[in-house]
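This report refers to the structure that appears directly beneath it.
So you know, we letter chains A, B, ... as the sequences are listed, proteins then strands, and number each from 1.
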Number of protein chains: 2
Amino acid sequence: MSDAFERSRALFIRRWGEMGANWGISRTMAEIHALLFVSSKPLCTDDVMSQLQVSRGNASMNLRQLVNWGLIYRVHQAGDRKEYFDCETDVWQMFEIITRERRRREVEPIVETIEKCQEMVRDEPKRGRNPQEEDIAEYERRLNEMLEFLNAMNVVFNMIIKGGNKGMKGLTKLLAKFGK
Amino acid sequence: MSDAFERSRALFIRRWGEMGANWGISRTMAEIHALLFVSSKPLCTDDVMSQLQVSRGNASMNLRQLVNWGLIYRVHQAGDRKEYFDCETDVWQMFEIITRERRRREVEPIVETIEKCQEMVRDEPKRGRNPQEEDIAEYERRLNEMLEFLNAMNVVFNMIIKGGNKGMKGLTKLLAKFGK
DNA sequence: TAATTCTTTCAGATCATACTGAAAGGAATA
DNA sequence: TATTCCTTTCAGTATGATCTGAAAGAATTA
């Protein structure tokens, strides 16, 4: 049995968990994901419980969340009643899933909010003889720059996703023109 | 006085705070940042306290953190002993600051960890007649894909940043066409 | 149907983080 | 120097997120 293998995996799992915590993902969820990522065979709930030392409830909840994200899959083993879980291992696919989800849940709401904010001041009836006219104009300018930035980032991410490793090459070339 | 202006700004601040919370930034810190972003004039600690209803200590701590990140600046008003704070309003500059910092604190450690993990199994003496040989090979393959992905993302972010504020204006337009 | 095996749920406990407010620290003014 | 004004710090508190474990639920087998 390879001790180094075990220690190497444990290290990766620990660090992946820490990173997840910095990105608003619970440490345990990230650790479970890492554990499945470094396991070539699907694991069951009890495997997760014993390897990460977490309770059944905790394992169950986090596994479900990961399934909902689409980062892991439920699989069944012939002749076994237990459910097993297998990881999506294509990192580009993983990136697409995470990007899509975070964009939907975090970027889109802020874009909608900015548009709403712009509307609110645009419809203001007192415009034209308002002492705050200057401030409002500056406010609108800033909101607009933010919106343009978010749209530009959307385009970049779309391009990356569109072709995975391949699309990335195209994007790199495109960006190279501006690099100098 | 423009009521719609006030309500519009309040909405933006609220949403920006919520978004920050999802990204591992404390709600208050994100709200202070938003408040300064939508204010054309620098604000002092008391302004922040009264507009966001937070304590002096809380305001002080979070303002300092924002200064440390480089997202806001300390400024002084002639004839006033108080310190005022002004926001970096160039969104591309903001993006560069955040990207640089998060990369240093979160991406680089995971890259180092992966390299360390690879080393650990490569140096394993039992290689060759290890029953886990297959699993280790698969493990190495997965680590390697992850590393390549992270490197590719690094390249993209470098290029976006390298263009800087000016180049980005052009890039935005170019990407906008590309996105259609 | 009852027994078995596994999964999900959730109230309460635990733990981490953020916040308050008052006291100490520092810098400008008189 | 003393006073005033402002900022920072930090111990204690509040808040919120996460986790546990046991009970209920669901699916399969006998």
- Message: On a heavy-atom basis, which atom in B:Gly17 and which in B:Glu31 lie closest, and how many Å separate them?
- Response: CA-CG, 3.8 Å
- Note on the structure: What one should report as the nearest heavy-atom pair of B:Arg102 and B:Trp23 is NH1-O, 3.1 Å
- Task: Any chance you could pull the hydrophobic cluster mates of B:Met49, using side-chain heavy atoms under 4.5 angstrom and chaining through other members?
- Result: none
- Query: Near DNA chain C, which residues from residues 54-77 of chain B have a heavy atom under 4.0 Å away?
  - Reply: B:Val54, B:Ser55, B:Gly57, B:Asn58, B:Asn62
- Assert: residue with more 5' nearest nucleotide on DNA chain D, out of B:Phe85 and B:Arg81, is B:Arg81
- How long is the span from the CH2 atom in B:Trp16 to the CG atom in B:Leu35, to the nearest 0.5 Å? 13.5 Å
Please list, one pair per line, the donor and acceptor atoms closer than 3.5 Å that link side chains of residues 58-68 of chain A to other protein atoms, with sequence neighbours excluded.
| unit_1 | atom_1 | unit_2 | atom_2 | d |
| --- | --- | --- | --- | --- |
| A:Asn58 | OD1 | A:Asn62 | ND2 | 2.7 |
| A:Asn62 | ND2 | A:Asn58 | O | 3.1 |

- Item | Whole-Å gap separating C1' (C:dT8) and CD (A:Glu83) | 11 Å
- Query: Which distance, rounded to the nearest 0.5 Å, do you find between the OH of A:Tyr73 and the CZ of A:Phe85?
  - Reply: 14.0 Å
- Task: First locate atom CG of B:Asp47, then atom CD1 of B:Ile32, and finally report the distance between them rounded to the nearest 0.5 Å.
- Result: 12.0 Å
- Message: Using 30° and 60° as the class boundaries, would you call the ring planes of A:Phe95 and B:Phe149 parallel, tilted or perpendicular?
- Response: tilted
- Check every nucleotide of DNA chain D for an atom under 4.0 Å from a heavy-atom of chain B, then give the first and the last such nucleotide from 5' to 3'. D:dT4 to D:dC10
- Message: Contact list please: residues 26-43 of chain A against DNA chain D, heavy atoms, distance less than 4.0 Å, in numerical order.
- Response: A:Ser26, A:Thr28
- Message: Can you tell whether the side chains of A:Glu145 and A:Arg142 come within less than 4.0 Å, N to carboxylate O?
- Response: no
- Cluster companions of A:Met120 among Ile, Leu, Val, Met, Phe, Trp, Tyr (side-chain spacing under 4.5 Å): B:Leu11
